[in-house]
> 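Would you mind keeping the following structure in view while I ask a few things?
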There are 2 protein chains.
Amino acid sequence: MSMIQTMDADGGEPLSLHQRILSDISERILSGAWAPGHRIPFEHELTAEYKCSRMTVNKALSQLAKAGLIERRRRSGSFVRRPQSQAAVLEIHDIRIEVEALGLPYRYERVARHKRRSSAEDRTLLELDSNGPVLALECRHFAGKRPFAHEQRLINLAAVAEAANEEFFAVAPGPWLIARVPWSAAEHRIRAVAADRHIAAALDIEAGAPCLVVERRTWSAEHPVTHVRFTYAAESHTLVARFTPSQG
Amino acid sequence: MSMIQTMDADGGEPLSLHQRILSDISERILSGAWAPGHRIPFEHELTAEYKCSRMTVNKALSQLAKAGLIERRRRSGSFVRRPQSQAAVLEIHDIRIEVEALGLPYRYERVARHKRRSSAEDRTLLELDSNGPVLALECRHFAGKRPFAHEQRLINLAAVAEAANEEFFAVAPGPWLIARVPWSAAEHRIRAVAADRHIAAALDIEAGAPCLVVERRTWSAEHPVTHVRFTYAAESHTLVARFTPSQG
DNA sequence: GCCGAGGTTATGTATATACATATTGAAACG
DNA sequence: CGTTTCAATATGTATATACATAACCTCGGC
């Protein structure tokens, strides 16, 4: 939101030159005016078109390149890229937020908590090398009276020692961790499963009913922190992911 | 498989100053050395630390701000941001690619094709105003001998007129559209459902078996282009989404 | 003690300049 | 004719500089 005035008389809000170049070019690409493979004008041509310095044009083009809309080749110029794969941004909110967004009262329940040396399965899930101690948690999240999600979580105590002293009666492990541990990477796996008897009981649904499972593994500065599996009854939950080409 | 490349010590390739500043600062944030809320050094201090111009520092910090790692406030400085919600990048590939990545032969089959004025349901799915013509397609994608995915698609013929002349016997609508229509936005909905009789027959599974459904709506320059629903048998498919703090 | 005016400060944007680097196309050479 | 060399070119990165803008602080008037 910047305030340098553009010379154009068409009266929109004041855009910085930088942003004007960015949106002009994305426009032309996304509208199809410049098809994939098309060579977009050289920096010095855009410099003339927008009556600005090459630095400004360069910054805008570099940003488009980083966003994946164009590809730049030395000596040859810049070219509109062919889309290769759809990439969408999936926002994964705290469950409390999701429930409250539905207008329902949220309740959290800790079902079980065990501290133990990591089993082979724990080590697979967390991608741990050593058999250090882990904390295994089982929880339920309610929307109104109905169970909304079932949570199975492993916390690597070598990475988050203070979790050993927390009972997780009042606060859910998700928010507790977020407030304490800076995440640096995460991997999500999303799939459909049939509810086994344990999950069916926990979510108050029929065994064999379809469920959406979201698993997340989190690292902080190379150390595995936590693995969590959320299971939602099919009717209760839809994940939404959006893609819009970034404009900076 | 660490997803974080830290460039410690004298290590490998020469990094540009810009990138060195970027990764240094992300390091310190992600490792927790600089906690959320911490004020990171002023531009002029970093200028001194790295012995470079303010422009270089500014570019790096602006990028970190755009990536959401820090927040910049005029006159006050730059601060490490508290993570608000997990955002992950979900890559949605062409089905042929996914099948071939599994090492299985890919086959495509067009099941049905109807051209019609859009029904009320079509208009809801496509977010259309008028009752213009649409093309409704039903297809199957095979991995080896087994059905891998079932596809139900609507194409807005007002936006993609030439689709009316394409039979889609040889080429799947996904790649056909991608090659022709520049996408500008897309929305994905992901959920678990129980297979109805039709889907069960198409995927050769039991009715009631859990399936993963991915629906995608695509726009091009404000015009709805297509709505597609992919249904995968539970065992056949897992979506993977990654989050790594962007380093530019 | 309240409140507004104005200065200070850090960031935001833009310019002109310089040199590095990768790549291409053509000239020079064996 | 094929290969090497070299200059031209477009991008990549960095510098010094300038001025705009928002926000905070202090000071002074009442």
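Letters A, B, ... are given to chains in the order of the sequence lines, protein chains preceding strands, and every chain is numbered from 1. Because the structure is predicted, anything quoted here is derived from the model rather than measured. Below, each value reflects all heavy atoms present in this structure, side chains not excepted, and no hydrogens, waters or symmetry copies.
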> Identify which one of B/Ile40, B/Ile70, B/Leu69 satisfies the side-chain contact (heavy atoms from CB on, under 4.5 Å) criterion when paired with B/Trp34.
B/Ile40
> Give a yes or no on whether a salt bridge exists between B/Arg110 and B/Glu167, defined as a side-chain N under 4.0 angstrom from a carboxylate O.
yes
> Mind checking what makes side-chain contact (heavy atoms from CB on, under 4.5 Å) contact with A/Phe42, not counting sequence neighbours?
A/Arg39, A/His44, A/Glu45
> Any chance you could measure B/Arg217, atom CZ, to B/Glu187, atom CD, to the nearest 0.5 Å?
5.0 Å
> Just by distance, do the side chain of A/Ser16 and the backbone of A/Gln19 share a donor-acceptor pair under 3.5 Å?
yes
> Reading nucleotides 13-18 of chain D 5' to 3', which nucleotides get B (base under 4.0 Å from a protein heavy atom), which S (sugar-phosphate only), which -?
BBBBBB
> Report the end-to-end axis angle of the helix from C/dG1-D/dC30 to C/dG30-D/dC1; each axis comes from five terminal pairs, and the value is rounded to 10°.
10°
> OP1 or OP2 of D/dG12 less than 4.0 angstrom from a side-chain nitrogen or oxygen of A/Arg72, does that happen here?
yes
> Rounded to the nearest 0.5 Å, what separation is found between the CG atom of B/Leu90 and the CG atom of B/Leu239?
5.5 Å
> Output the rounded distance in Å from CD (B/Glu71) to P (C/dA10).
17 Å
> Verify whether one side chain among A/Gln63 and A/His18 offers a donor that lies under 3.5 Å from an acceptor in the other.
yes
> What is the separation between atom CD1 on A/Ile70 and atom P on D/dA10, rounded to the nearest whole Å?
15 Å
> Taking side-chain contact (heavy atoms from CB on, under 4.5 Å) as the definition, give me every residue that meets it alongside B/Thr124, ordered by chain and number, with sequence neighbours left out.
none
> Extract from the structure each pairing of a protein N or O with an N or O of nucleotides 23-28 of chain C at less than 3.5 Å, listing the distance.
unit_1: C/dT24; atom_1: O2; unit_2: A/Arg75; atom_2: NH1; d: 2.9

> Please examine the side chains of A/Tyr106 and A/Phe142, heavy atoms only from C-beta on, and report whether any two atoms are closer than 4.5 Å.
no
> Looking only at non-hydrogen atoms, find the nearest pair between B/Ile155 and B/Phe168 and report the distance.
CD1-CZ, 4.2 Å
> Given 3.5 Å as the limit, does a donor-acceptor pair link the side chain of B/Thr226 with the main chain of B/Leu154, or not?
yes
> Could A/Arg191 and A/Glu215 be called an ion pair, given the rule that one side-chain N must be under 4.0 Å from one carboxylate O?
yes
> Below 4.0 angstrom, which residues in residues 39-49 of chain A have at least one non-hydrogen atom near DNA chain D?
A/Phe42, A/Glu43, A/His44
> Once the angle between the rings of A/His141 and A/Tyr108 is folded into 0 to 90°, is it parallel (under 30°), tilted (30 to 60°) or perpendicular (over 60°)?
tilted
